[in-house]
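Since the structure comes first, as structure tokens, the remarks are kept for the end.
Counting starts at 1 for both ligands and their atoms, in listed order. FYI, side chains are in, hydrogens and waters are out, and symmetry mates aren't considered; it's all heavy atoms of this structure. None of the values given here were measured: they were computed from a predicted structure.
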Amino acid sequence: MDAITIIGGGLAGSEAALRLADLGFSVTVYEMRPQVPTPVHKSANMAELVCSNSFKSNKPDSAAGMLKAELEALASPVYHAALATSIDAGGALAVDRHAFSRMVTHLLEVHPRVRIERVEVADLEAVASTCDAVVLATGPLTSDRLADDIARRSGADQLAFYDAAAPIVMADSLDRSVVFRQSRYEETGAGDYLNCPLDQQAYQAFISELVAAERVMKKEFESGDLFQACQPIEEIARKGLDAPRFGTMKPVGLVDPATGRRPWAVVQLRAEDAAGQSYNLVGFQTNLTFPEQRRVFRMIPGLQEAEFARYGVMHRNTYLNSPQMLDGTGRLYAPDILLLETPVFVAGQLSGTEGYTEAIRSGAHVALSVAALLKGVEAPLLPDTTAFGALMRHATDPATRSYQPSHVNFGLMPPLSAPIRNKRERYAAFAERGRAAMESYVEQLMTAGLLSVRGASR
Ligand SMILES: Cc1cc2nc3c(=O)[nH]c(=O)nc-3n(C[C@H](O)[C@H](O)[C@H](O)COP(=O)(O)OP(=O)(O)OC[C@H]3O[C@@H](n4cnc5c(N)ncnc54)[C@H](O)[C@@H]3O)c2cc1C
């Protein structure tokens with residue numbers, strides 16, 4: 001029987017372990033807690049939720065709802081544990097966190113093909129040499145000793161320790177009568193940037209709200225020299241009224257076609273995807289709370305109705321430079337980037353996805369990939385019209401530079417073949433297209449013998 005080693009018994013690792021064990025593989029899960037704690041986990045349970053107890057929206061025509069439908073279609077054991085321990089939370093899925101993690105721990109403990117080792121893995125080679133495949137799922141708080149080992153093997157620049165993500169807004173929520181397309185010093189051509197022009201008055205009003213806005217309280221382990229390389233925009237503004245205007249918001253080389261003049265300041269927006277469905281606020285890494293980002297950034301001319309595909313975040317987060325390291329199956333490129341002979345797959349937050357539900361889905365995806373490899377069958381291609389397929393395409397596209405982890409969102413989806421203006425109808429169309437793609441994907445998994453139980457389709 002093929003032996004699989006899973007490092008990290010969190011959300012991704014637990015899902016991968018249960019799925020692979022159900023498929024007949026012999027699985028060892030290495031989990032370092034409680035012997036070695038993390039700064040946020042409080043128990044010895046597997047799949048412990050470190051913060052909120054919410055798995056976000058259940059609405060079928062939201063990206064988070066689509067992701068749940070995909071987990072249901074794959075009969076995810078960890079998602080089913082979340083459903084079994086859910087509590088009332090309106091349109092969202094929230095769980096009793098203790099009951100949830102206890103249930104997942106129990107499922108792993110009683111499974112005849114799962115062995116749990118309460119040990120910190122510090123040397124990849126030592127565990128990889130004893131098995132047929134490794135799944136790395138040590139999450140955003142990967143232990144320092146293992147992170148050092150990964151960085152030593154892959155090169156220090158391939159592993160990041162902090163998020164510094166700027167907000168992303170949906171293209172169709174921008175006021176096109178205000179924003180103009182232009183690259184700096186460009187006289188002709190379409191330009192790679194959209195620019196939001198601010199006059200002196202708008203700039204001053206914006207900066208005064210920016211510096212006064214409420215920020216996320218950082219945990220003790222997140223303070224210190226956290227953001228030296230990547231200052232949040234509100235910290236730059238705190239250095240002086242004009243500091244952003246001489247940096248990220250500098251207007252040089254730009255002429256607003258509406259006035260024929262250089263604006264006082266600009267916010268530049270850069271496309272996040274090839275289809276230009278969503279735009280990143282360049283240089284706007286921020287630590288403001290989400291409601292404050294919505295309030296303050298909507299003061300920027302052109303963004304007054306902005307819909308946020310993702311808010312900016314800055315927190316401790318260990319993740320790989322996935323676009324340069326992982327293929328679409330979640331496997332590290334061969335010849336193995338970590339200089340190991342055993343195939344290594346990466347799941348969960350370490351692979352550059354963000355969010356509880358995404359971590360579970362990532363564990364499922366990687367388990368299917370490992371199973372396909374060891375069974376010698378071809379894994380069906382995950383359609384990029386599914387919520388997780390779109391995220392994986394984004395996270396593993398070698399063309400992506402300066403990668404920041406992302407959760408699922410409609411800004412990552414391939415455009416619809418016929419554009420729909422009405423937002424609600426468009427999202428429903430994304431969801432329906434994804435559901436149909438998932439249905440045929442599940443069919444292919446069944447045929448390939450990679451899925452033993454078919455989940456419900458919704
Ligand atoms: C402080 C914080 C708050 C967050 N809050 C939210 C939130 O509210 N909502 C949300 O959707 N997402 C949140 N996230 C993001 C993310 O979705 C979760 O962290 C999620 O748990 C990631 O799942 P995972 O399986 O990748 O990692 P984890 O669930 O963290 O699992 C990784 C496991 O690996 C173990 N481990 C680490 N190193 C080793 C080692 N060397 N050897 C053996 N075991 C090891 C850890 O003990 C842990 O059990 C948060 C992240 C952080 C850091």
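Residues Ser101 and Glu48 bring no donor and acceptor atom of their side chains to less than 3.5 Å of each other. Between the side chains of Thr286 and Glu234, at least one donor N or O sits under 3.5 Å from an acceptor N or O.
By the 4.0 Å N-to-carboxylate-O rule, Lys423 lies close enough to Glu307 to be salt-bridged with it. Contact check on Arg115 versus Glu117 returns a salt bridge, with a Lys/Arg side-chain nitrogen under 4.0 Å from an Asp/Glu carboxylate oxygen. In this structure, Glu120 pairs ionically with Arg145, as a charged nitrogen and a carboxylate oxygen lie closer than 4.0 Å.
Close contacts of ligand 1 with Thr38, meaning ligand atoms under 4.0 Å from a residue heavy atom, involve 47 (O). Residue Thr138 approaches ligand 1 through these ligand atoms, each under 4.0 Å from one of its heavy atoms: 32 (C), 34 (O), 36 (N), 37 (C), 38 (N), 39 (C), 40 (C), 45 (C). Residue Leu146 has at least one heavy-atom neighbour below 4.0 Å for each of these atoms of ligand 1: 41 (N). For ligand 1, the atoms closer than 4.0 angstrom to any heavy atom of Ala12 are 25 (O). The ligand atoms of ligand 1 that sit less than 4.0 angstrom from a heavy atom of Glu120 are 41 (N), 42 (N). Near Tyr30, meaning under 4.0 Å from any of its heavy atoms, are these atoms of ligand 1: 43 (C), 44 (N). The ligand atoms of ligand 1 that sit less than 4.0 angstrom from a heavy atom of Arg33 are 47 (O), 49 (O). Of all the atoms in ligand 1, the ones that sit under 4.0 Å from a non-hydrogen atom of Ser143 are 37 (C), 38 (N), 40 (C), 41 (N).
Between Val121 and ligand 1, at least one pair of N/O atoms sits closer than 3.5 Å. Not a single N or O atom of Arg316, backbone or side chain, sits closer than 3.5 Å to an N or O atom of ligand 1. Not a single N or O atom of Thr142, backbone or side chain, sits closer than 3.5 Å to an N or O atom of ligand 1. Close N/O approach between Lys56 and ligand 1 is not found [any backbone or side-chain N/O within under 3.5 Å]. Below 3.5 Å of separation, one finds an N or O of Tyr356 facing an N or O of ligand 1. Checking only distances, Gly355 does come within under 3.5 Å of ligand 1, N or O to N or O. For ligand 1, the polar-atom distance check against Cys51 finds no nitrogen or oxygen pair separated by under 3.5 Å. Residue contacts with ligand 1: Leu350 is placed with no nitrogen or oxygen under 3.5 Å of a nitrogen or oxygen of the ligand (distance criterion only). At a 3.5 angstrom cut-off on N or O pairs, Gly348 does not count as close to ligand 1. Among the atoms of Ser52, some N or O lies under 3.5 angstrom from an N or O of ligand 1.
Aromatic pair Phe308/Phe290: ring centres not closer than 6.0 Å. Checked against a 6.0 Å centroid threshold, the rings of Phe100 and Phe55 count as neighbours.
To the nearest 0.5 angstrom, Ile300 atom CD1 is 11.0 Å from Leu174 atom CG.
Within 6.0 Å of CD in Glu432 there are more than 12 heavy atoms belonging to other residues, nucleotides or ligands. At most 12 heavy atoms of other shown residues, nucleotides or ligands fall within 6.0 angstrom of atom NE2 in His98.
If you look at Ala359 next to ligand 1, the close heavy atoms, those under 4.0 Å, all belong to the side chain. Residue contacts with ligand 1, taken as heavy atom pairs separated by less than 4.0 Å, do not involve Ser54 at all.
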Can you list the steps and then say if His111 with Asp22 is a side chain to side chain donor-acceptor pair (under 3.5 Å)? CA-CA 9 Å; His111 203 296; Asp22 281 346; 2.8 Å; yes

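By heavy-atom distance, the residue among Leu136, Leu49, Leu11 lying nearest atom 20 (C) of ligand 1 is Leu11. Between the choices Glu358, Gln349, His407, the shortest heavy-atom distance to atom 22 (C) of ligand 1 belongs to Gln349. The option with the heavy atom closest to atom 47 (O) of ligand 1, from among Met32, Glu48, Glu31, Arg145, is Glu31.
Within the structure, the closest approach of Ile360 to ligand 1 does not fall below 4.0 Å when heavy atoms are considered.
Under the 30°/60° scheme for interplanar angles, the aromatic rings of Phe410 and Phe430 are found to lie parallel.
For the side chain to side chain donor-acceptor pair (under 3.5 Å) condition, no pair includes a residue of residues 363-374, sequence neighbours left out.
Ala271 is linked by a side chain to side chain contact (heavy atoms under 4.5 Å, CB included) to Tyr279, counting only residues two or more places apart in sequence or in another chain.
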